[in-house]
Structures are given as C-alpha cells and as structure tokens.
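A short write-up of the structure that comes next.
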Amino acid sequence: MTFKADTRCSCHVQPAVNFGERAGHLKIDILLLHYTGMESGDAALDWLCREESGVSCHYLVFEDGRIVQMVPEEKRAWHAGQSCWQDEVDTNSRSIGIEIVNSGHTGDYPDFPDHQIASVIELCKDIIKRNPLIIPQNVLAHSDVAPGRKHDPGEKFPWQLLHENGVGHWGSPEVNVRGGFLQLGDEGEPVAALQAMFVLYGYGLEISGVYDQKTHDCVFAFQQHFRQNLVDGIADGDTIAVLNELIRTLS
Ligand SMILES: [Zn+2]
C-alpha cells in the first residue's frame, strides 16, 4: 500500500511490507543509521521490500544521493533487531531507521560518496526538525545499540561532518591524554568506572568491574563512531577523554 512521503527532501516512495505499530509508551527519539552491507543498492531495495527478509527501514539512501522512503515514519520498521540503548530494548519502537547503501565490512567497504552523505545530512536534518525529541546524542549507529553484533555504518562514516552540519553529537577533547589504558582481561575499580561512563552515555553494558568481551565490543563500537582513526577495543587515554567530553556536553 503506497503512502505519502514524510520528508520534504526529494524522495521516491517504494512501500515495504515488514512493519507494524510502535509500542504506545515510546515516542520517536532515536535516529538510527545503518549501512546495507549488500553488493548493490538495487539488491538492498529488493531485499528490504521482501517479506521473507524479515527486515525493513524507513529510508534508503543510494550512493548517488537518491532517497527512497519504504515505511511511514509513524510505523515501526524492522531495522534494529536485538539491541539496547538507555535500558530500552525496543529500539524499533522509538527510532527512525536509515539504510545507507554501502557494501560494508564483508564487502570492500568503500568510502561513502559525497552526494550520498549530502543527502543523508539533508534527510537527517529534515527528520530531526519534525521529531524534536531526537536530540544530538540520540543520532546513533546501529553498532552503538548492538555492539559486537553489528558494525554499521562503521568507522568510515563521517560522523564529525554530520555534527558540523547540525546532526548528532561529537566530542573533541582539548588535550590528548596519554598514559594508562584498560583492555580485555583487566579488572577492578577503574574498569567499573569506565563501564559506568558508557552506561551513563546510553550503551547497554553491565557494570561488573571486569573488562570482558562485551566491554571490549562496547569500546570498539564507541571508537567506530567517535574515535575513528584507531578502532581496537582498547580504552586508551584518548578514547576515555572523548567519552568524558561527550558526557560533559550531553543535551
Ligand atoms: Zn544495521
């Protein structure tokens, strides 16, 4: 069943079949960005329209900047899967999902073309304008809400450029902190303090005092979004400084 596009951006409507009603107690307050991880945009569009895929998204953005809306924003699209942010696991009910055409880490993970990013920025700005509960720190990567399980849109996605255009959160600490770091296998109070900071920011993580695989995955996901030049799952001084800066500047 076709519908009228929600966005004022230039957009083609191609309805998906996989969607439902949003849980009534949740309001739209997250914008979740993905890459498609498929060989082409047309293959992704075809897949996202198939019932058998079990997935869908609100918008698909091609490499050349074309935008397709597939699910009305008021409906619950199926893009986040098993996930958690700020203790809420029904991410789909509180989010709008944008799939960005890119073959991803299992492909050759090309750079995101300028035309595509320009369209993503305009679309995000339009969505945020109409959904004011989407504050900067709630513009998220799929990897942020599903660390370890998901890696999209990945460390090549230009989050800083989005921030400079008024979309999303970014932290550039003034001092580059050197020295101590925490990594897989470490235990103790500093690990618990680090975990508490990630939980405060929104990540779904247990404060156990043990730098376990889930903590590693969380740090890895954080770096893919906020400290993209070195993504290794090790909480070094610079990573912690960025996290501090982000917490200090929460809306
Ligand atoms: Zn995704």
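Please read these numbers as outputs of a predicted model, since none were measured by experiment. Counting starts at 1 for both ligands and their atoms, in listed order. For reference, positions follow the sequence shown, starting with 1. Side chains included, hydrogens not; waters and symmetry mates left out as well; all remaining heavy atoms used.
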Rounded to the nearest 0.5 Å, how far apart are CD1 of Ile30 and OG of Ser93? 11.0 Å
Here the Zn ion (ligand 1) sees protein N, O or S atoms within less than 2.8 Å, and their number is 3
Between Gln137 and Ser251, does any side-chain donor sit less than 3.5 Å from a side-chain acceptor? yes
Side chains of Ser172 and Trp170: donor-acceptor distance under 3.5 Å anywhere? yes
Validation row, ring centre His169 to ring centre Tyr201 under 6.0 Å: yes
Indicate yes or no: does Lys27 engage Asp29 in a salt bridge with an N to O separation below 4.0 Å. no
Heavy atoms of Gln69 and Thr7 approach each other most closely as OE1-N, 4.2 Å
